[in-house]
Amino acid sequence: MSGVLTRAVADVAARHPGKTAIRDVDGTDVAYGDLVARVERLAAGLHARGVREGDTVAFALPNSARYIALILALASLGARYVPLMGDFTPEETARALDQARPELLVAARPHHAAGAVPEVAPEALEAPAPPAPVPPEPYAGLFRQLWTSGSTGFPKMMVWRQDRFVTERRRWLADTGMTDADTYYCRHPLDVAHATDLHVFAALLSGARLVLADPAAPAGAHLERLRAERATVMSALPGHYADLVEAAVRAGDGGGLPDLRRPLCGGAYLPPAVVRDAAEVLGVRIRQIYGSTEFGIALGNMADEVQTSGAMVPVEGVGARVAPLSDRAPGTGELVLRSDCTSEGYLFADEANARTFRDGEFWTGDVAERLPGGAFRIIGRVTEVLATPAGPLLAPVLDAEIADACPGTAAVALPLDPGGFTGRVAVAVCPAPDAAAQDVVKQVEALLAGHGLDGAAHLVDAIPRTPVGKVDKPRLRTRLGLAGKR
């Protein structure tokens, strides 16, 4: 196997050939030795169809062990993969294909991109074919083109090198103390970094067991399977933990998740109430983490305590600072990171690269508060700062206040002047099932007035999410008629 990543996984397989590497969505087990054999078959099938070093192959696939083996097969050929996200419209798919320019599309079923690029079913790639040639030196270059979450607009495509990615993952494993005795539970679609970075590659590089779940399964099903698999590691978003808590309460289930020793949570502002509820109902103490598709993992807190402070410290090898938003608050500003093993940046997005990657630093677009002792607390996006008479207020903090004041209500504050630092805001409100909608609206608008904000509450049936699980703010803005308005 000729890629830095694939050789690293093959080294693990050589030590544990019979150990389960992946438990598939359907419950089928794939051993490390069998995974390596499958990767070699798929590499041969891809090579037979003309895939060569530097080529890109698009995926339109559900979660499966074969999906993971295909990623590794392309890495071994020195080729790249790019997923076509499950929620892409035909127009967005055409835009993605125009950017990615794949040589081939691997699709589980006929795709609406059919005709735009040659298409093959994944199982066809495992048919007998001559072995792919193995170069003497492992390929260290580009191996994946992955989309950002899309929570702030059409996702941007960025690219990672194999050597830097493996180095970054190994630092992360050392920092968290995860080992080959762990069982990772992946509830995310494999199309996104939250699945691959925090579950797939971390598990396979450590020699642990990876459990793939159906991302569309209800929270109650995830709760049951987490217990049945005795999962020790899971990374999920705040909303996912809130869903698990709700499912446990609804079922009158006090069993909790006793085996989950590393319940990680990142990707968004984490309300203290979610941390407290997870500890009380599920018996887990969420470990907060912070990172991005472009950078990797930057901050974390592995302390075994109920982490309501939001404090995180830099991962080994990461430098962090804040660029103040104003002279009045020098300890609060945009989080700026530095590492020697990050991605290569965005493809076909020169303006975004110029804004985000500057002088060897990554400008995250997130607002952080610097705490004593070198810790940081993430409090929202730069574009989510609202101006109040008492000082800056971050939209996610306002969302958490509304949730505390109106239990069971989901709310998302949308600044009407993103990045403009004004007090104009619209709040999408999905009231609790047993709440009087108009009473909730009045309560929310009273909260806004109490902060001196100029805004109104808008009722919605549900809060839309991206495939990653974040709030889909562009779709929400469109639903409220705010798209393009200032």
Side-chain angles (χ1 to χ4, degrees), residues 1-3 5-6 9-10 13 17-18 20-52 55-86 88 93 96-97 100 102-134 143-146 186 188-192 195-196 199-201 203-204 209-217 467:
M1 301 179 77
S2 62
L5 175 63
T6 45
V9 174
T20 297
I22 304 168
R23 176 158 292 172
D24 217 330
V25 176
D26 63 1
T28 303
D29 285 348
V30 179
Y32 272 93
D34 294 335
L35 175 63
V36 168
R38 174 174 271 185
V39 169
E40 291 172 347
R41 291 196 302 274
L42 288 167
L46 289 162
H47 189 267
R49 283 166 174 78
V51 177
R52 299 293 185 268
D55 288 344
T56 297
V57 174
F59 288 1
L61 301 167
N63 281 9
S64 69
R66 183 184 276 123
Y67 189 139
I68 295 169
L70 276 163
I71 294 174
L72 293 170
L74 284 167
S76 75
L77 294 173
R80 316 175 197 179
Y81 81 98
V82 59
L84 298 179
M85 303 291 282
F88 276 173
T93 297
L97 290 174
E103 305 295 324
L104 187 69
L105 168 62
V106 183
R109 60 185 62 86
H111 195 269
H112 57 242
V117 60
E119 185 174 328
V120 64
E123 57 270 17
L125 293 171
E126 291 196 64
V134 179
F143 87 106
R144 69 173 180 167
Q145 297 173 185
L146 206 63
C186 178
H188 301 275
L190 293 175
D191 293 340
V192 302
T196 52
H199 298 87
V200 171
F201 295 118
L204 296 183
R209 184 173 72 113
L210 171 70
V211 175
L212 295 179
D214 177 3

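What you are looking at is a predicted structure, and each value in this text was computed from that prediction instead of being measured.
- Of the possible polar contacts, one joining the R52 side chain to the H47 backbone as a donor-acceptor pair under 3.5 Å is found.
- Taking both residues in full, the closest heavy atoms of A69 and V39 are given as O-CG2, 3.7 Å, listed atom of the first, atom of the second, then distance.
- Atom CD1 of I68 and atom CG of L42 lie 12.0 Å apart (nearest 0.5 Å).
- Scored by the side chain to side chain donor-acceptor pair (under 3.5 Å) test, R80 finds Q145 as partners (sequence neighbours excluded).
- A43 and A73 get closest at one heavy-atom pair: N-CB, 3.6 Å.
- Counting only residues at least two apart or in different chains, ring pair (Phe, Tyr, Trp, His ring centres under 6.0 Å) contacts with residues 62-84 comprise F59-Y67, F59-Y81.
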Requested in this report: Go through the steps to decide whether V106 and L125 satisfy the test side chain to side chain contact (heavy atoms under 4.5 Å, CB included), and finish with yes or no.
Outcome: CA-CA 9 Å; V106 183; L125 293 171; 3.9 Å; yes
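- Annotation: side chain of N63 is in contact with side chain of P215 (closest heavy-atom distance under 4.5 Å).
- When side chains are defined from C-beta on, L84 counts as touching L97, because their heavy atoms get closer than 4.5 Å.
- By the side-chain contact (heavy atoms from CB on, under 4.5 Å) test, A107 pairs with A60, L105, H111, E119, sequence neighbours left out.
- Applying the salt bridge (charged side-chain N to carboxylate O under 4.0 Å, His left out) rule to D214 yields no partners; only residues at least two apart in sequence or on another chain are considered.
- Between L46 atom CG and L70 atom CG the span is 6.0 Å, to the nearest 0.5 Å.
- S2 and L77 make their closest contact through OG-N, 4.3 Å (heavy atoms, listed as atom of the first residue, atom of the second, distance).
- The shortest distance between side-chain heavy atoms of L61 and D191 does not fall below 4.5 Å.
- For R66, the salt bridge (charged side-chain N to carboxylate O under 4.0 Å, His left out) partners are E126, not counting sequence neighbours.
- Looking at residues two or more places apart in sequence or on another chain, you find no side chain to side chain donor-acceptor pair (under 3.5 Å) involving T20.
- Applying the side-chain contact (heavy atoms from CB on, under 4.5 Å) test to A129 and every residue at least two apart in sequence or in another chain returns A44, A48.
- Taking the side chain as every heavy atom from C-beta outward, I22 and Y32 never approach each other to under 4.5 Å.
- Residues meeting the side-chain contact (heavy atoms from CB on, under 4.5 Å) test with A213, sequence neighbours left out: Y185, H222, R225.
- You'll find the side chain of L204 reaches within 4.5 Å of the side chain of L35, heavy atoms only.
- A195 is linked by a side-chain contact (heavy atoms from CB on, under 4.5 Å) to C186, H188, L190, V192, counting only residues two or more places apart in sequence or in another chain.
- V57 has its side chain out of reach of P102: every pair of non-hydrogen atoms, C-beta onward, lies at least 4.5 Å apart.
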Query raised in the report: Going through the checks in order, is the side chain to side chain contact (heavy atoms under 4.5 Å, CB included) test met by R23 and L210?
Result: CA-CA 6 Å; R23 176 158 292 172; L210 171 70; over 6 Å; no
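- From T28, atom OG1 reaches atom CG of D34 across 12.0 Å, with rounding to the nearest 0.5 Å.
- Between R144 atom CZ and T56 atom OG1 the span is 14.0 Å, to the nearest 0.5 Å.
- Taking each heavy atom of V30 and A65 in turn, the nearest pair found is CG2-CB, 3.9 Å.
- Separation of atoms CG (L212) and CG (D26) is listed at 9.5 Å; rounding is to 0.5 Å.
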